[in-house]
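In the text below, chain A, chain B and the rest are named by the order of the sequence lines, each starting its count at 1. Values below: every heavy atom of this structure, side chains too, minus hydrogens, waters and symmetry copies.
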Amino acid sequence: MQSKSFYAKVYKIVSKIPKGKVATYQTIARLAGSPGAARAVGTAMKNNPDMKTIPCHRVVGSDGKMRGYSAGIGIITKIQMLKAEGVDIVGDRAQLQTSAWKT
DNA sequence: CATTTGACAGGAA
DNA sequence: CTTCCTGCCAAAT
């Protein structure tokens, strides 16, 4: 059922990302039904209607690099949270080879 | 319907 | 490595 808006799907999908894993904007866009709409996904994250239920910190760029974060100090806080959850992080980059989320 | 806005992606310099 | 540009997409105004 496609009655929900693209953003609504994005929020639902992001909230399903398991702890210790990360997903790229591209992947989320694809799961939301619009492959290539990574940019729209980013806009949805920025809207962030519920940061308590939407672990937007588990969403990273195509190369595992963080693109942005509206809470905490910024990118630094995002990296620290991911590391604390068990995501394999090297420097400022998440290792998608070992921590990429997939259905 | 036209324009603007972005937490993107990929490539070129 | 950084910086700039182009292409892409959905939502808001």
May I ask you to test the A:Asp92-A:Ile75 pair for a side-chain heavy-atom distance under 4.5 Å?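 Counting from C-beta outward, A:Asp92 and A:Ile75 never come under 4.5 Å.
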Less than 4.5 Å apart, side chain to side chain, heavy atoms only: is that true for A:Lys21 and A:Val87?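 No, side chains not in contact.
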Starting from A:Tyr7, can I reach A:Tyr25 by hopping between I/L/V/M/F/W/Y residues whose side chains sit under 4.5 Å apart?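 A:Tyr25 and A:Tyr7: one cluster.
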Honestly curious: do A:Leu31 and A:Val59 fall in one hydrophobic cluster under the side-chain, below-4.5 Å linking rule?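 Same hydrophobic cluster.
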Which part of the nucleic acid, if any, lies within contact of A:Asn48, taking any heavy atom under 4.0 Å across all strands shown: a base, the sugar-phosphate backbone alone, or nothing?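 If one applies the 4.0 Å heavy-atom cut-off, A:Asn48 turns out to touch a base.
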Which is true for A:Thr43 with a 4.0 Å heavy-atom rule: it touches a base, it touches only sugar-phosphate, or it touches nothing?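 Base, at least one base atom sits under 4.0 Å.
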Rounded to whole Å, how long is the line connecting atom [atom1] of [X] with atom [atom2] of [N]?
{"X": "A:Tyr7", "N": "B:dG6", "atom1": "OH", "atom2": "C1'", "result": "8 Å"}
{"X": "A:Asn47", "N": "C:dC9", "atom1": "CG", "atom2": "C1'", "result": "14 Å"}
{"X": "A:Lys46", "N": "C:dA11", "atom1": "NZ", "atom2": "P", "result": "15 Å"}
{"X": "A:Ile28", "N": "B:dA7", "atom1": "CD1", "atom2": "C1'", "result": "11 Å"}
{"X": "A:Met45", "N": "C:dA11", "atom1": "CE", "atom2": "C1'", "result": "14 Å"}
{"X": "A:Arg67", "N": "B:dG6", "atom1": "CZ", "atom2": "C1'", "result": "13 Å"}
{"X": "A:Phe6", "N": "C:dA12", "atom1": "CZ", "atom2": "P", "result": "13 Å"}
{"X": "A:Leu96", "N": "B:dA9", "atom1": "CG", "atom2": "P", "result": "10 Å"}

Decide whether A:Thr98 and A:Asp88 meet the rule of one side-chain donor and one side-chain acceptor closer than 3.5 Å.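 Distance-only check passes for A:Thr98 and A:Asp88.
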Consider the side chain of [X], meaning its heavy atoms from C-beta on, and name the nucleotide among [options] that approaches it most closely.
{"X": "A:Arg93", "options": "C:dC9, C:dC1, B:dA7", "result": "C:dC1"}
{"X": "A:Ala38", "options": "B:dA9, C:dC9, C:dA11", "result": "B:dA9"}
{"X": "A:Gln26", "options": "B:dA9, C:dA10, B:dA7", "result": "B:dA9"}
{"X": "A:Ala40", "options": "B:dA7, B:dG6, B:dG10", "result": "B:dG6"}
{"X": "A:Ser62", "options": "B:dA7, B:dG10, C:dA10", "result": "B:dG10"}

Between the base of B:dA7 and the side chain of A:Ser70, is there a donor-acceptor distance below 3.5 Å?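 Pair found.
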Ignoring hydrogens and angles, are the base of B:dA7 and the side chain of A:Tyr25 linked by a donor-acceptor pair under 3.5 Å?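 Indeed there is one.
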Does C:dA10 have its OP1 or OP2 closer than 4.0 Å to a side-chain nitrogen or oxygen of A:Ser34?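 So the side chain of A:Ser34 is within the cut-off, an N or O lying under 4.0 Å from OP1 or OP2 of C:dA10.
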